S.K.: 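Below you will find the structure I want to go over with you.
So you know, we letter chains A, B, ... as the sequences are listed, proteins then strands, and number each from 1. Remember, it's a predicted structure, so these values are computed and weren't measured experimentally.
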Number of protein chains: 2
Amino acid sequence: MARKRDTRTLILDAAEALFSERNFEAVSIREITGKAGVQLGLASYHFKNKQALFEEVIARRAELLNQRRRDRLRAIQLKGDATVEQILVAFIRPYVEFCLEPEQGWRHYSRLIAQAAQDDQWLPTIERHFNTTAAIFADALYEALPDTPRDAVLRAFMFSIQIMVSAFANNRRIEALSHGTITAGDLEASFTSLIPFLSGGFAGLPSR
Amino acid sequence: MARKRDTRTLILDAAEALFSERNFEAVSIREITGKAGVQLGLASYHFKNKQALFEEVIARRAELLNQRRRDRLRAIQLKGDATVEQILVAFIRPYVEFCLEPEQGWRHYSRLIAQAAQDDQWLPTIERHFNTTAAIFADALYEALPDTPRDAVLRAFMFSIQIMVSAFANNRRIEALSHGTITAGDLEASFTSLIPFLSGGFAGLPSR
DNA sequence: GTCTATAGGCTGATAGAC
DNA sequence: GTCTATCAGCCTATAGAC
């Protein structure tokens with residue numbers, strides 16, 4: 001018999017799943033607690049209010065992801081000068097690996113991040129959790145591309161983050177345009193296309 | 001004295017501006033009619049309901065954008081074989097030019113599209129208005145890259161659309177990471193970085 | 001920590017006078 | 001086409017019993 005997860009976790013999991021499908025405003029607390037199978041009032045008891053619940057969903061997995069990314073970057077840097085491609089893989093591969101876990105949590109999380117990342121309302125939250133590690137990767141890219149202006153490198157890195165985030169958020173528009181040849185949910189295939197595209201993008205930047 | 005725009009247009013403009021800042025669900029009809037300076041009931045009179053109003057906001061500018069893009073592509077193709085970079089410019093440049101107009105409408109529109117593009121709820125609407133032209137550009141890219149698998153080209157095109165859309169949606173996260181060196185609202189600078197990055201990305205795709 | 005009940009407010013949509 | 005008034009439903013958040 002599966003051990004009963006505590007109420008807090010039940011609510012967080014349900015919120016994560018629902019917020020990954022729809023906006024913050026489009027999901028009600030009643031819906032979350034309903035899906036979690038707990039009473040309405042418990043959401044307010046465990047997480048002060050709706051906004052704090054959303055932020056806790058973001059916070060719950062952020063540090064684990066950041067840590068995995070930094071570990072991977074450090075491992076590469078210990079072996080010598082890191083290439084742009086290696087740095088990108090260190091940043092993106094953990095995201096894919098977590099999403100590929102049989103449990104659905106990370107997949108929901110990645111979709112949720114995709115929408116939070118472009119909603120001004122959550123910009124402070126996103127920055128608080130992800131900017132420190134993003135800055136470390138930006139520095140690594142500056143080092144790998146000493147002859148490219150920093151602004152150009154940073155812009156390219158932001159482009160990369162945006163594509164990564166949306167590529168793994170199951171954007172289904174590609175299915176119609178490919179007449180069904182491509183499946184949006186095939187994350188390994190997306191990753192395989194993504195890396196050479198991004199590496200090529202950095203290679204295409206003008207030098208100083 | 002400025003000629004008074006009709007109520008329909010007032011409502012569409014106000015809705016466009018508000019929906020560009022916040023989600024469909026986060027904006028109320030009262031807020032829209034309030035900003036437009038018209039009575040609440042008029043929104044339902046002119047546009048059956050909230051959903052239809054949102055779709056009309058998307059529809060209003062879509063065909064003009066598509067037409068400009070196709071005209072530009074055709075002009076290039078008449079001069080000989082189009083390069084990947086030329087095709088990308090034909091697709092993206094009209095978007096930038098509209099956004100640079102002094103009137104704010106297109107800027108709001110571009111932000112609105114950025115969020116609608118990744119909300120499953122609006123996928124059918126986005127596909128209805130934009131897939132025909134997107135397919136034309138995909139075909140042009142296939143021709144320009146005959147030795148690259150079509151799936152890879154299409155994926156790269158989708159990456160490009162995603163970056164374009166988010167790059168011009170004023171994502172302000174780059175401002176903190178650049179310590180203020182980069183301004184998110186500088187669309188010309190974004191465009192200047194974007195084109196070589198995307199061209200390089202296509203160049204980095206594996207050949208058959 | 002959990003449950004019930006409810007307060008208090010805002011929502012989209014409409015009916016009907018002008 | 002416009003304006004006023006209102007309905008019925010849903011929302012978040014909380015108070016208080018257990």
S.K.: For A:Arg74, what residues pass the side chain to side chain contact (heavy atoms under 4.5 Å, CB included) criterion, not counting sequence neighbours?
M.R.: A:Arg70, A:Asp71
S.K.: For the CZ atom on A:Arg172, are there more than 12 heavy atoms of other groups (residues, nucleotides or ligands in this structure) within a distance under 6.0 Å?
M.R.: no
S.K.: Would you call the rings of A:Phe91 and A:Phe137 parallel, tilted or perpendicular, taking 30° and 60° as the class edges?
M.R.: perpendicular
S.K.: So if I take the C1' atoms of five pairs at each end of the helix from C:dG1-D:dC18 to C:dC18-D:dG1 and get each local axis, what angle do the two axes make, rounded to 10 degrees?
M.R.: 0°
S.K.: Mind jotting down which residue pairs meet the salt bridge (charged side-chain N to carboxylate O under 4.0 Å, His left out) criterion with at least one end in residues 18-29 of chain A? Sequence neighbours excluded, please.
M.R.: A:Arg22-A:Glu31
S.K.: Before giving the answer on ring pair (Phe, Tyr, Trp, His ring centres under 6.0 Å), spell out for A:Phe98 and A:Tyr109 the whole-Å C-alpha distance, their side-chain angles and the decisive distance to 0.1 Å.
M.R.: CA-CA 10 Å; A:Phe98 282 128; A:Tyr109 188 74; 9.2 Å; no
S.K.: What side chain to side chain donor-acceptor pair (under 3.5 Å) pairs are there with at least one residue in residues 36-52 of chain A, not counting sequence neighbours?
M.R.: A:Gln51-A:Glu55
S.K.: In whole angstrom, give the distance that lies between atom CD of B:Gln39 and atom P of C:dA13.
M.R.: 17 Å
S.K.: For B:His46 and D:dC3, what is the distance between atoms NE2 and C1' respectively, to the nearest whole Å?
M.R.: 12 Å
S.K.: Return the orientation label for the B:Phe197 and A:Phe197 ring planes: parallel under 30°, perpendicular over 60°, tilted otherwise.
M.R.: perpendicular
S.K.: Flag the pair B:Glu188 and B:Arg93 as a salt bridge only when some basic side-chain nitrogen lies within less than 4.0 angstrom of an acidic carboxylate oxygen.
M.R.: yes
S.K.: Less than 4.5 Å apart, any side-chain heavy atom of B:Leu177 and any of A:Asn131?
M.R.: yes
S.K.: Tell me the interatomic distance from B:Leu42, atom CG, to D:dG1, atom C1', rounded to whole angstroms.
M.R.: 7 Å
S.K.: Atom pairs under 3.5 Å, N or O on each side, protein against nucleotides 13-18 of chain D: can you list them with distances?
M.R.:
unit_1	atom_1	unit_2	atom_2	d
D:dA13	OP2	A:Lys50	N	3.1

S.K.: Checking A:Asn23 side chain against B:Phe24 main chain: does a donor-acceptor pair fall under 3.5 Å?
M.R.: no
S.K.: Of all of residues 17-28 of chain B, which get a heavy atom below 4.0 angstrom from DNA chain D, listed by number?
M.R.: none
